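Nothing here was measured: the structure is a model prediction, and the numbers come from that model.
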Amino acid sequence: MEQKKILITGGAGFIGSHVVRRFVQSYPNYHIYNLDALTYAGNLENLKDIESASNYHFIKADITEASLVQDIFERHQFDGIIHLAAESHVDRSISDPLAFVKTNVFGTVNLLNAAKSIWKNNTENKRFYHISTDEVYGTLGETGLFTEETPYAPNSPYSASKASSDHFVRAYGETYGMPIVVSNCSNNYGPNHFPEKLIPLFINNIIEQKPLPVYGDGNYTRDWLYVVDHAKAIDLIFHQGKNHETYNIGGFNEWKNIDLVKLLCELMDKKLGKTQGTSSQLITFVKDRPGHDLRYAIDATKIQRELGWEPSVTFEQGLQMTIDWYFENQDWLKNVTSGSYQTYYQTQYSI
């Protein structure tokens, strides 16, 4: 079996940890290097089950430090990069846009420069795979889907920073002949998700009987993708995707926020043995955030047709599995919802 050195950035985060686990377990001949700065959303507890694997290596580093990134690449001579490290929360980007520019734009270019310098003209069997978001496409009306040809129209500092990083990756592919590939995914959910995002936040709040803050009228629509299915798609694209191509990854699974929250409340009431309708009384409509996109929905036909990928679970199945995981891992939940997170949460939602 072919041996490779693969760098996964942001591998202690939500999606990254699932990708690291999949690669460590599926490719014992690969050496998997997890590079993470361990900021608020990075948590090595996400990888306790594989941390002692012989083909797993952790590197604590910040991708915004160009000389450090260069040194790491020269030392390890990676064959492939799967780039997930990013600031990713829209609300945080509104309050601190420059942090998103620094990590998502400068960090990505630092990685591109380092890969270019060690591969030089020898790019055979090399790959720089950049993971992005559907938010770069902006917003949809009541109909239509994002395709790989949809023009970029980012509306938040977060999505603008990701759009910029996408453009740099493609530019390095065209200008320098870098073997790049890009994917844009819809909203992920599942185990290990840091509880500032909707589903884990609301699971935690229902457990603690706290308000469920729903922006605006709750009619914002998102396409939801189970994180394990996303990791499978990343595996397929890394190994079988074509250079200089983009692949959209979505769950074929649109939900209005308010309908999602009501379903979550229903499942949580059942899990907690409460009368149906109990948790829904916690729903609290709060002031909308600026530039809030109405609807995201991805057309994942290309990856389905070319690489044979499709979601393995329904949303109801995935949501139940996610709830079960949080109940079985309440120590993890308590550990990540302490300290500075609580201050941020109170400031953000004024609750």
* **Result of checking Lys302, Arg170, Arg127 against Glu245 for salt bridge (Lys or Arg N to Asp or Glu O under 4.0 Å)** => Lys302
* Asked: So Ile32 and His57, side-chain contact (heavy atoms from CB on, under 4.5 Å) or not? Walk me through it.
  -> CA-CA 6 Å; Ile32 306 301; His57 316 274; 5.9 Å; no
* **Flag side-chain contact, heavy atom, 4.5 Å: Leu225 against Asn253** => no
* To do: Decide yes or no for Asn219 and Asn257: does some side-chain heavy atom of the first lie under 4.5 Å from some side-chain heavy atom of the second?
  => no
* side chain to side chain contact (heavy atoms under 4.5 Å, CB included) partners of Lys334, counting only residues at least two apart -> none
* Asked: Is the backbone N or O of Gln3 less than 3.5 Å from a side-chain atom of Asn29, with the two atoms forming a donor-acceptor pair by type?
  -> no
* Under a 4.5 Å cut-off applied to non-hydrogen side-chain atoms, are Asn125 and Asp79 in contact? -> no
* To do: Taking all heavy atoms of Val105 and all of Ser161, pick out the closest pair and write down the distance.
  => CG2-O, 3.6 Å
* Looking at side-chain heavy atoms only, is the closest gap between Ile82 and Ile6 below 4.5 Å? -> yes
* Phe78 six-ring face occupied by Lys5 cation (under 6.0 Å, within 45°) -> no
* Min side-chain heavy-atom separation Asn192-Trp332 under 4.5 Å -> yes
* **Any Gln330 side-chain heavy atom under 4.5 Å of Ile207 side chain** => yes
* Measure up the Tyr189 and Trp224 rings against each other and bin them: parallel (under 30°), tilted (30 to 60°), perpendicular (over 60°). => perpendicular
* Hey, does the side chain of Tyr158 reach the backbone of Pro97 with a donor-acceptor pair shorter than 3.5 angstrom? -> no
* Structure fact -> Nearest heavy-atom approach of Asp223 to Gly250 is OD2-CA, 3.6 Å
* To do: Applying ring pair (Phe, Tyr, Trp, His ring centres under 6.0 Å), run through Tyr152 and Tyr137 and close with a yes or a no.
  => CA-CA 4 Å; Tyr152 276 31; Tyr137 298 124; 5.5 Å; yes
* How far apart are the closest heavy atoms of Ile94 and Pro290, and which atoms are they? -> CD1-O, 3.9 Å
* To do: Can you see which heavy atom on Ala231 is nearest to which on Arg22, and at what distance?
  => O-CD, 3.6 Å
* Kindly determine whether Tyr129 and His83 satisfy ring pair (Phe, Tyr, Trp, His ring centres under 6.0 Å), including the steps that lead there. => CA-CA 6 Å; Tyr129 177 9; His83 177 34; over 10 Å; no
* Asked: Is it true that a side-chain atom of Asn329 and a backbone atom of Trp325 form a donor plus acceptor pair closer than 3.5 Å?
  -> yes
* Residue pair Thr108 / Phe128: nearest heavy atoms and the distance that separates them -> O-CZ, 4.5 Å
* **Steps toward ring pair (Phe, Tyr, Trp, His ring centres under 6.0 Å) verdict (Phe238, Phe23)** => CA-CA 11 Å; Phe238 182 78; Phe23 273 69; 5.8 Å; yes
* N-O pairing of Arg21 and Asp49 below 4.0 Å -> yes
* With no hydrogens and no angle check, is any side-chain donor or acceptor of Asn55 less than 3.5 Å from a backbone partner on His31? -> no
* Asked: Charged N to carboxylate O under 4.0 angstrom, Arg92 versus Asp96?
  -> no
* **Any donor-acceptor pair under 3.5 Å from His18 side chain to Pro191 backbone** => yes
* Asked: Side chains of Leu272 and Thr278: does their closest heavy-atom pair fall under 4.5 Å?
  -> no
* Are the side chain of Gln320 and the backbone N or O of Leu267 linked by a donor-acceptor pair below 3.5 Å? -> no
* Asked: Given the rule in the side-chain contact (heavy atoms from CB on, under 4.5 Å) test, do Asn248 and Leu145 qualify, once you have shown the distances and angles that lead to the verdict?
  -> CA-CA 11 Å; Asn248 279 355; Leu145 300 170; over 6 Å; no
* Are side-chain heavy atoms of Leu111 and Thr9 found at a separation under 4.5 Å? -> yes
* Asked: Any idea which heavy atoms bring Cys185 and Ile298 closest together, and the distance?
  -> C-CD1, 3.8 Å
* **Evaluation steps, side-chain contact (heavy atoms from CB on, under 4.5 Å), between Arg222 and Ser186** => CA-CA 8 Å; Arg222 300 294 182 259; Ser186 59; over 6 Å; no
* Going by the angle between their ring planes, with limits at 30° and 60°, are His193 and Phe14 parallel, tilted or perpendicular? -> parallel
* Pair Glu254 + Arg295: basic N to acidic O under 4.0 Å -> yes
* Counting only N and O atoms by type, is there a donor-acceptor contact under 3.5 Å from the side chain of Thr284 to the main-chain atoms of Leu282? -> yes
* Asked: Does Ala12 offer a backbone N or O that forms a donor-acceptor pair with the side chain of Asn46 under 3.5 Å?
  -> yes
* **Donor-acceptor under 3.5 Å (Asn104 side chain, Glu87 main chain)** => yes
* Asked: Just by distance, do the side chain of Thr139 and the backbone of Asp293 share a donor-acceptor pair under 3.5 Å?
  -> no
